[in-house]
Amino acid sequence: MFTTGSKYFIGLTALSVVATVLYLFLVNPSDLGALALVGLITSAATLSGVSIFTRDSDTETVEQAVDASAGPASASFWPIVVALGAAMVLLGLATEPVVFVLGIAVLVGGGVEWMVQGWSDRASANAAYNSEVRAKVLGGIEYPGLSAVLTIIVAFLFSRIFLAVSKDAATIFFMLVAAVIFALGFVFAARTDLRKKALSVVLPVSIALLAIAGVVSALSGERKQLVDAAREDHFAIEHRECGEEASKYYDKHANNRVPLRKAVIATITVENNEVSAKMIGLDRKVDTITIPRMNSTTVLFRNLDDSERRLVVNLGSAKVGDTDVVEPLGTCTQLTGKGQEQVLTLTIPKPATAEEPFSFTVPGANGEIKLVVP
Amino acid sequence: MAETATHSADHAADHGHSSTGISNNKLAMWLFLGSECLLFGGLISTYMLYRGRVSDGPHPEQIFDIPFTSVSSFVLLMSSLSMVLAVTSAQRKDYSRTNLWLLVTAILGATFVGGQIYEFTAFYREGLGFSTSLFSSSFYTLTGFHGVHVTVGVIMLLSTVGILKKNRATGDKAESVEIVGLYWHFVDVVWIIIFTLVYLIPA
Amino acid sequence: MAIIERPDTATVPAVVTPSQAFGVIKRPVASSGWREWLFTVDHKKIGIMYGAVALFFFIVGGVEALLIRLQLAAPDGRILSADQYNQMFTMHGTTMVFLFGMPMAAAFANYFLPLQIGARDVAFPRLNALSLWLLVVGGLILNASWFLGGAADGGWFMYAPNSGPVFSPSNGVDYWVLGLQVAGLASLIGSINLIVTVLNMRAPGMTLMKMPIFTWMILVVQFLLVFSLPVITVALVLLMFQRSYGATFFDVSQGADPLLWQHLFWIFGHPEVYVLILPAFGIISEVLPTFSRKPLFGYPFVVFSGAAIGLVGFGVWAHHMFASGLGPVSVAVFSIATMAIAIPTGVKVFNWLLTMWGGKIWYTTAMKFAIGLVTLFTIGGLSGVTHSVAPSDTQQTDTYYIVAHFHYVLFGGMVFGLFSGFYYWWPKVFGKMLNEKLGSWNFWLMVIGMNMTFGPMHILGLQGQPRRMYVWTEARAGEGFFNLGFWNLIASIGSFILAAGVLFFLINIVHTAKKGKVAPADPWDARTLEWITTNPPKPHNFDRIPVVHHLDEFFHRKYAEDTATHTMKRYATAEEVIKAEEDAADAHIHLPSPSYWPLVLALGIGVLCMGVVYGVPVMVVGAAILVFSVFGWVLEPSTADDSEIDPPSVDGSTKEIAPIG
Amino acid sequence: MDTVSRVKSSRRRILGTLVGIAASATLAGCAQNAPQDTWEPKGPNAEMIHDLDNLVFPIAYVVGIIVLGLALYIFWKFKDRGQEIPVQGHGKPYMEITLTVVPALILSVVGVFTFRTIFDLAETQDTEIVINVTGQQWWWEYDYPVQPEHGINQPIVTSGQLVFPAGTKVLLRETSRDVIHSYWIPALNGKKDAVPGRVHLLRLEANEPGLYAGQCAEFCGLSHANMRMEAIALSKEDFAKWVANQQKAYVPPAAGTVEAEGEAVYIAQCARCHQVNGLKDAQGKPIISAPDEYVYSGAAPNLTALMTRNTFAGAMFDLVNEKCRADVWGAPSEKFGEAYLKGVTEDCLNQKDLRAWLRNAPEMKPMYAEPNLLGPSDGKYRGMPYLALTEDDIDKLVAYLLTLK
């Protein structure tokens, strides 16, 4: 025999199934809408399952449930939460998507709490029993839910503060906060008499402080360096320079790591001011390197001279956009010091023409290695 | 998650079953952590293979903020200490101190997660997106996996506080705290390894 | 189904659960019909369900194999399109490994491991149920792809970058990744559970070196799983991030190295081979001694060779990659390491033969399958040695020679071992004897079919037919009557004979269920603990936990050596041994009640996974169900309230041990 | 047994006899002249591997026969004939140790030889000619870097058939443009994967001129089965001729002929992706194809001197008809070069398959060239798309293609 509560949820499931079917057939369905309705079916079905298994197997409850319908419902503040959620959804639609998502969360959370409370209120005439029923159903959500919310709030607010203050200040602030938390832990652990009273003061105060600091930081925005960095995109590939060093960021940290020896098709070495090349698998010097067309190919550059050098590859020239300006094409490694290595990965879509042959050069050193793309 | 041992097991122990002497739950947690070692091993290997592969975007040494990350590592280490205190309190059946230390551990853990959110945001602003380069993908995957582990740990800690407070724990409370502690220490140790390999050792 | 003692005012239950009133949801008490199976935490029921699921997927994978062989029976086959064929061999491999081989071994392990070590259940009954339901969810996700735009088409090894979104545009690979993650989680949980069970819950007196060999092999397998599954998880996560979230782990234009996938996959994949074969070794190491009436020859050597295979198995993964361009140094090292693994494997074969030497061999169907394993596995093992030789392997790998090798090992080895187990343990599980005559048909058709199918593949491979080709062409088939076309046809015919053999097994199941002979208490004159109880076992397995003094305890309770004649004499019947145990029944037996959470949690994980394909909202729903059920699980009391499930005793007695429900 | 009787050196003859005894039973049923037989080595690298096979397989056979013979004996001897239940002995450790040590010794012998062969096969120092091999779904591209000592003064690009001098140590530098492929000519060497982003080295050497068949051995997607290759070994003189022919200047068809119309169709329809070296447009500027704009992997077969090849579409189809194909495949090695260098004449052309291919390529070979499957590759084709050519265009194109010799 099904209790009223179960019937309610079963009905809700059935209704949402009907709604989904109608939606899919009659309304031009969008993915999100269909998903929302499927989500509704799933949650309603879960809740009806929960309610059937908790209550319906227990024949006494059925009788109690009948009694319960006569009793008055307890006061509830969930309607207010739901209303708040609805307001946030509307507000979010007009303003920020974050508010919208939060509003949905509040709406769903409040709705579930309200429904379960309403349902448990009708479970029996015994208020204590009702609240236990409610706890049984929601306990599985409330502990992890509240913990997750608390974690996210703390972590999020802290990160806002770190983002707003300068790098060094963030480090120092972090250190101080951690030390204070730890110290407070010791104080409360040592002075049990203090604990109850002080905790009730310290905890709200620190949460309030954190909240204020966090919100203020979030509103004041991130520190200038980060804003600038985001705007200027320091490490974008366009900043790679084969001539004079102009960018403050891109070309300053040559990484002298060769990711994968097996990927290197040829090694270009500069020694005693002379450029020479060797190809993988062949034990002699070559003056031409052949690279398959449109294939990501890696060339290793090794500088054995004292001065800093870079390997430049010249790939002809091309018109810039629709203008008549012709710019040379090509790319280069970063500057490398003595005994260091750099790799250059090339993917060349088109072969050279007779007028504009491709080549590898090292500015400041003699010699040129021809590059052939068949 | 601590799992409730069957009663038959408890009874069987009385009958002198051949066993390791470690409780089922704790043994299972040890095995799980053994498995986790390989998980992080795989992720760390991936990172070590790819850390120098930057075809676009910043290199590791260009963006890492070693002092800040050192502090956050230190915070995580301190949380290990408070976890130890929580476990000893629980073994003394001093549950109010247990709760206090669990709370301290959880808050320190949450600030660590805050530090990680900060770090990720700052890196993103500086041009290190998830799919920018192999370095960025493997960096975010590795540290992100660890961050999720910490977050799950914090939720476990806070839930343990709640469950202990409401006296809803099943089984041996001290052991439940100890098992959460095992997990927490593991997460800390993994971070020390990540911090050393990812941040400190120059490529 | 739950067993509890009658309330006895004199003996208050030793374990009380003060917090059970706080359970999120009461434990289910109904124990009939579908609920009995859906919410059960009994290792025996879970074992049977594992077996049913695995058998179902064995048939699915088998049908896929038949379609593959139909396509290849003649040149330029037209049964399947290229795309369908690629999906077919991908799913055949995946299904047979992850949805048949591992779950069937898990079925045996679940059912017999607690019985063999004298335990009443596994260490974590609810986690055990969770493993099962996760496997089911994983299998459903994997196979759902057939109906949702095409299955995965990259081979079961799913090499990057061919598995990337550009080269495999359907969602098949996504389902594959998610299905394997879920199935892998199932195996991981299962393996932790079984290790704890073995280490902590053995019967009194059962030291590790008195453990039945099947339990030993399962223990080794579980350790392999614990340490190899996380590696494939990493690989799958990387692939998932690449396919769904724009990561670049296998994007060569970003400088990625596709060999990363191969290393991660085979670090898992090679131990996986032993995960599949060692349970079968364990089974026949029980069957051969039983039907030879002799103990296993060199028990410690078999144990340690099993452990050695497991250990070395972690160090040979790169022998799957001899052609993939590792340097000569690593190729040489892995080549030698691979040869080393042949040694413990050889030890096992010799020990099986020497077990039979001097025995009194009784050729039941179970025994036939076991010796089928010994011979067929030997052939597979020797062809394995030929490709541990790396240069030879560069000619053999990715040809049908490899297909022949691993089917001799996995079909001749694993499947024959499992069938041996079916016939050996069927009376234990269902209380009825499988028909021996049908069993004989089953065996011989499978032997003939198996050799006809996979034998010719040696020739096909050595004469240059690569694997995974949806068509082969007459132009490359050679001349003469015995050209490759001939052998392809023979293999295809063989596969249908093989299928007929399996069909006889299914017929046998139905026949046995309808009019099978009721099994006696000890039909095979068996040797180990699982037989010191009724057929099928009671829900609580043993009325009294047996005390162990010997390896092969049961045998030694029945027989002893006659000092005068130096022959074995029977001193007790099985019925007497069992009766003696029942008479000394334990007074207190608590079993955990059924639970909803394993099923709900598994479904939650399934929904969460679909979110990867269908977007964040689905994921959120899945996560909510997941979190809800995890905490419901934690807060659940370990048994239902006594008052809920214990009907008043009819005759007022207090000592009776009664199944309730 | 054919496989065994062809061995040449005396050392191998002795081994061969051993193998013969053990293997003949199993191998009597082998195909004859299977083009991809791994046991018919035709070059030093494959012979090195085969020598190792000749060591390992007999050992495996002997061990297998001993073990299985013992097993059969046991099955028969210890059958239940009503004998007593044996005494419950648990094994003999000395026997166990012997049975562990003996296989270990056998395997260490095998191991020593394996070890040596691995390093011998990895040798590249004495390479005489280098060829770049690039795998792509589902064909192979071969390009010959500039090597004046072989007369290669400008790069040569070809596909479908790898042409190289016999008796010369050839080094293949393998890579791939998309997924992993594996280069495998069984008669010349074992396989080696072509991995995108990596360069792998594979040594080939053919003893005699001839045609050696192979097949992509690593699963590479939809049409993996159709990714074949043929390696053509020519004598050094013939190879020089072939090289010279590949580098000769492009001769445009005479104006007003069908071939010239075909060239126009080619320029309009094919030159987007395919390259013919030396082809010029109306203004006299060289036409350089841009496959990277249309094809995901960024390349399409170079069609310069197409009619010197015997196959097309990843060696899936023959470019010559059956009779001419048999002439080439069946030619004895001293005549082989002559037969091959004839190329494709008009009466030899496989009109049926070539026309069908031009009519609708994706129907002939499963490819991801269908427009509805190109989402993840940003609309770029993978493989040749359907071009909707008219029959008239096809006639002209075929006439034009026949001029590419």
Side-chain angles (χ1 to χ4, degrees), chain C residues 82 155 159 161-162 165-167 169 252 258 293-295 297-299 301 323-325 328 331-332 335-336 339 343 346-347 350 353 356-362 375 378 382 385-386 389-392 394-395 398 459 462-464 466 468-471 476 478-480 482-484 566-568, chain D residues 29-39 49 52-53 56 60 64 67-68 70-71 74 78-80 83-86 88 90-91 96 99-100 103-104 107 111 114-115 117-119 121-122 179-180 182 186 190-193 195-197 200 215 217-219 221-222 224-225 366 373 376-377:
Chain C
Y159 274 6
N162 192 36
V166 176
F167 302 108
V252 176
R293 322 293 171 76
K294 268 184 77 204
F297 189 89
Y299 168 88
F301 282 86
S324 62
V331 167
S335 186
I336 304 298
M339 288 176 192
I343 297 166
V347 167
F350 284 124
L353 289 177
M356 287 184 270
W357 185 277
K360 180 181 186 217
I361 304 176
W362 177 12
T375 47
T378 302
L382 288 167
V385 172
T386 65
V389 177
S392 302
T394 61
Q395 288 281 27
D398 282 323
I459 297 173
L462 288 175
Q463 295 214 302
R468 300 166 188 143
M469 301 203 307
Y470 78 100
V471 285
R476 303 279 169 104
E479 299 154 10
F482 294 112
N483 66 5
L484 300 190
H566 289 287
T567 49
M568 297 308 291
Chain D
C30 281
Q32 273 135 45
N33 297 329
Q36 292 172 192
D37 196 339
T38 63
W39 281 28
I49 296 174
L52 209 50
D53 285 346
V56 180
V67 173
L68 294 180
L70 180 70
I74 291 172
F78 299 104
K79 190 171 158 17
D80 183 357
Q83 67 263 47
E84 291 286 329
I85 289 182
Q88 305 291 298
H90 284 274
E96 298 280 356
L99 288 175
T100 313
L107 283 169
T114 304
F115 211 80
T117 312
I118 289 171
F119 285 93
L121 283 167
V179 302
I180 300 176
S182 192
K191 52 185 81 65
K192 178 78 68 122
D193 288 2
V195 180
H200 287 158
Q215 164 82 38
E218 184 63 82
F219 178 65
L222 198 57
H224 167 59
L373 281 171
S377 55

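Lettering follows sequence order; numbering is per chain, from 1.
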Report which part of [X] has an atom under 4.5 Å of a heavy atom belonging to chain C: side chain, backbone, both, or neither.
| X | value |
| --- | --- |
| Leu121(D) | side chain |
| Leu70(D) | side chain |
| Ala122(D) | side chain |
| Leu68(D) | side chain |
| Val67(D) | both |

Checklist line | chain D contact via Thr375(C) - side chain, backbone, both or neither, heavy atoms under 4.5 Å | finding: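 For Thr375(C), heavy atoms of backbone and side chain both lie under 4.5 Å from chain D.
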Are any side-chain N or O atoms of [X] and backbone N or O atoms of [Y], one a donor and one an acceptor, separated by less than 3.5 Å?
| X | Y | value |
| --- | --- | --- |
| Glu84(D) | Met568(C) | no |
| Thr38(D) | Leu462(C) | yes |
| Gln463(C) | Ala31(D) | yes |
| Gln88(D) | Arg293(C) | yes |

Next item on the list: Applying side chain to side chain donor-acceptor pair (under 3.5 Å), name anything that partners Gln36(D), two or more places apart in sequence or on another chain.
Entry: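 Partners of Gln36(D) under the side chain to side chain donor-acceptor pair (under 3.5 Å) test: Arg476(C).
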Notebook entry, point to check: Got Glu96(D) and Val347(C) here, is their nearest side-chain heavy-atom distance under 4.5 Å?
Noted result: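 Answer yes - side chains close enough.
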Margin query: Side chains of Ile361(C) and Ile74(D), heavy atoms from C-beta outward: is any pair under 4.5 Å?
Written below: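 Contact flag for Ile361(C)/Ile74(D) side chains = yes.
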Note to self: Could you work out, with ring-ring contact (aromatic ring centres under 6.0 Å, His included) as the rule, every residue matching Phe219(D), not counting sequence neighbours?
What the structure shows: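 Residues passing ring-ring contact (aromatic ring centres under 6.0 Å, His included) with Phe219(D): Phe89(C), His224(D).
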